[in-house]
Amino acid sequence: MPTANALICRTKIVATLGPASSDYETIRDLAVAGADVFRFNFSHGTHEDHAARHAIVRRVEAELGEPIGILADMQGPKLRVGVFADGRVTLKPGAPFRFDLSDVPGDETRVCLPHPEIISVAKPGSRLLMDDGKLAVVVNAVGPDWLDATVDVGGVLSNHKGVNVPDVALPIPALTEKDRRDLAFALNLGVEYVALSFVQRPEDVSEARALVGDRASLLVKLEKPQAIDNLDAILELTDAVMVARGDLGVELPPENVPLVQKRIIRLARRLGKPVVVATQMLESMISAPTPTRAEASDVATAVFDGADAVMLSAESAAGQYPREAVRIMNRIIWRIEQDAEWQSMMARARMAPEDYVADAIAGAAQQVADTLKAPAIVAYTHRGATAFRIARERPSCPILGITPTHEAGRRMALVWGVRAFVNEGRQVMNVEDMVDSALDVVRRARIGSSGNSIVIAAGVPFGVSGSTNTLRVAKIP
């Protein structure tokens with residue numbers, strides 16, 4: 001966190017908690033090393049596990065004095081083959097293989113596929129990928145309760161390995177009954193973001209939105225080709241997105257994933273919605289104390305693309321070096337953000353303000369700050385929207401978001417370039433109060449020097465959400 005770490009970066013870090021990072025000392029160390037948001041993966045662990053981690057994160061937050069966000073990641077549907085009589089089989093290229101609904105243990109010729117939804121929509125030519133894409137078959141014929149296929153890419157297939165079906169939209173809801181229970185639990189805990197897996201169509205997002213309401217921000221994980229086909233409509237409905245390159249990299253040709261990543265980041269930035277790049281960023285650090293040079297370049301690419309955040313998964317949840325993974329990711333981000341070419345790219349990628357007052361104010365705040373070489377833009381924001389809009393402009397100075405609620409402060413923890421300050425109980429009644437409070441936050445942030453000008457964006461009347469309409473310049477005394 002910025003209070004204890006000299007490397008204060010614009011691009012945020014999401015760190016997944018798990019068996020390697022569930023105790024107070026480790027979670028605190030991760031926050032100090034640069035983690036801004038902690039991800040709770042509901043594919044693993046019990047509700048009691050997540051509640052214990054939540055309590056520790058809130059304790060660490062109180063001690064360090066700056067908001068920490070929590071992202072509850074729903075598991076989503078898991079498509080898997082059944083079991084084999086001998087636990088595993090070897091599939092040979094060119095061999096026939098059947099999937100059916102029988103629960104009889106499988107062999108080299110067939111296995112149970114306990115998902116009639118797949119059988120109902122598959123057609124000749126459809127591809128089924130298994131074990132994270134290591135094996136592949138092509139469907140030849142479809143029956144009422146079976147699929148006949150030919151092995152395209154062979155190998156060893158064992159019990160309960162995952163199945164991906166990239167060619168068709170599956171009639172499966174994004175939220176399972178387990179997800180609904182997990183979602184209710186996470187919302188009662190008070191998480192800031194809920195991540196939705198297995199999204200294929202806008203209706204999946206609408207269903208989750210009806211359940212979440214305004215109790216948390218909704219983050220859609222883009223991991224299905226069908227979601228990419230519906231990208232514009234999905235982005236309109238969600239609050240934030242994640243480029244989930246694990247399943248996306250299985251179901252899309254690998255050469256397409258970098259282009260899709262750039263497209264998602266570009267569109268999300270245009271809408272002013274946080275975008276997270278995830279999966280295998282520092283994968284080798286699960287078992288090694290340093291990353292590969294290719295992994296460092298991967299993190300750097302996401303930073304150059306303008307992502308709001310980059311994420312660690314198993315590296316921090318189950319790896320041997322969780323602290324080192326966060327530290328090196330923070331160092332990579334810091335180094336890139338000091339580069340003149342990165343700063344030029346952020347300036348060139350700025351978008352024209354949209355035709356409404358709040359966006360015009362956000363664009364003007366960035367322009368005035370650049371002209372005056374201001375050390376900070378201070379954004380008064382009730383729910384975070386003003387800070388989000390200014391962050392869309394990617395200003396060259398930090399954004400200090402002042403909010404009256406911890407919830408809004410924690411949501412801003414995911415947003416590029418924003419440091420949140422909670423002014424709980426301190427009301428701004430007039431312009432003089434606004435300036436005094438802004439200068440106080442600048443002092444707390446240890447930014448700027450006497451005589452520097454800061455830019456302040458706010459709304460009048462004060463305390464009304466969605467009323468950003470005022471820009472003010474003030475000098476640091």
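Predicted model, so just to flag it, every value in this text is computed and none were measured. When a residue number appears, it is its place in the shown sequence, counting from 1.
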Open item on the list: Arg180: which residues meet the side chain to side chain donor-acceptor pair (under 3.5 Å) condition with it, sequence neighbours left out?
Closed with: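 Once residues adjacent in sequence are excluded, the partners of Arg180 under the side chain to side chain donor-acceptor pair (under 3.5 Å) criterion are Glu207.
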Task: With Glu48 via side chain to side chain donor-acceptor pair (under 3.5 Å) - residues at least two apart - done: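 So Glu48 forms a side chain to side chain donor-acceptor pair (under 3.5 Å) with Thr46.
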Salt bridge (charged side-chain N to carboxylate O under 4.0 Å, His left out) partners of [X], counting only residues at least two apart:
{"X": "Arg293", "value": "none"}
{"X": "Asp433", "value": "none"}
{"X": "Asp204", "value": "Arg201"}

TODO: Could you note down all residue pairs passing salt bridge (charged side-chain N to carboxylate O under 4.0 Å, His left out) where residues 323-332 supplies at least one of them, sequence neighbours left out?
DONE: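 Non-adjacent pairs meeting salt bridge (charged side-chain N to carboxylate O under 4.0 Å, His left out): Asp29-Arg323.
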Is [X] salt-bridged to [Y], cutoff N-O under 4.0 Å?
{"X": "Arg394", "Y": "Asp308", "result": "yes"}
{"X": "Glu407", "Y": "Arg411", "result": "no"}
{"X": "Glu61", "Y": "Arg58", "result": "yes"}
{"X": "Arg348", "Y": "Glu341", "result": "yes"}
{"X": "Arg269", "Y": "Asp305", "result": "no"}

TODO: Without swapping roles, check the side chain of Asp298 against the backbone of Ala294 for a donor-acceptor pair under 3.5 Å.
DONE: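 The answer is no, because no donor-acceptor pair under 3.5 Å joins these two groups.
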Open item on the list: Donor-acceptor pair, distance only, cut-off 3.5 Å: does the side chain of Tyr380 make one with the backbone of Ala438?
Closed with: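 Yes: the side chain of Tyr380 pairs with the backbone of Ala438.
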Show me the side-chain donor-acceptor pairs of residues 276-283 shorter than 3.5 Å, one per line, residues at least two apart or across chains.
residue : atom : partner : partner atom : Å
Thr279  : OG1  : Arg245  : N            : 3.4
Thr279  : OG1  : Gly246  : N            : 3.4

Quiz: residues 447-459 side-chain donor-acceptor pairs under 3.5 angstrom, not counting sequence neighbours:
residue : atom : partner : partner atom : Å
Ser450  : OG   : Pro477  : O            : 3.3
Asn452  : OD1  : Ser449  : N            : 2.7

TODO: Answer whether the closest heavy-atom distance between the side chains of Leu71 and Met242 falls below 4.5 Å.
DONE: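 Result yes, sub-4.5 Å side-chain heavy-atom pair found.
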TODO: Please list, chain by chain and in numerical order, all residues satisfying ring pair (Phe, Tyr, Trp, His ring centres under 6.0 Å) with Phe42, sequence neighbours excluded.
DONE: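 Phe42 satisfies ring pair (Phe, Tyr, Trp, His ring centres under 6.0 Å) with His50 only.
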Task: ring pair (Phe, Tyr, Trp, His ring centres under 6.0 Å) partners for His47, two or more places apart - done: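 Listed in chain order: Phe185.
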What side-chain donor-acceptor pairs closer than 3.5 Å can you find for residues 360-369, not counting sequence neighbours?
residue : atom : partner : partner atom : Å
Gln366  : NE2  : Asp370  : OD2          : 2.9

- [ ] For Thr292 and Ser284, test the side chains for any donor-to-acceptor distance below 3.5 angstrom and give the result as yes or no.
- [x]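 No, no side-chain donor-acceptor contact under 3.5 Å.
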- [ ] Determine which pairs satisfy ring-ring contact (aromatic ring centres under 6.0 Å, His included) with at least one residue from residues 385-419, sequence neighbours left out, and list them in order.
- [x]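 As it turns out, there is no ring-ring contact (aromatic ring centres under 6.0 Å, His included) pair with a partner in residues 385-419 once direct neighbours are skipped.
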TODO: Go through Thr176 and Asp179 one step at a time and tell me if the side chain to side chain donor-acceptor pair (under 3.5 Å) criterion holds.
DONE: CA-CA 5 Å; Thr176 65; Asp179 293 328; 3.1 Å; yes
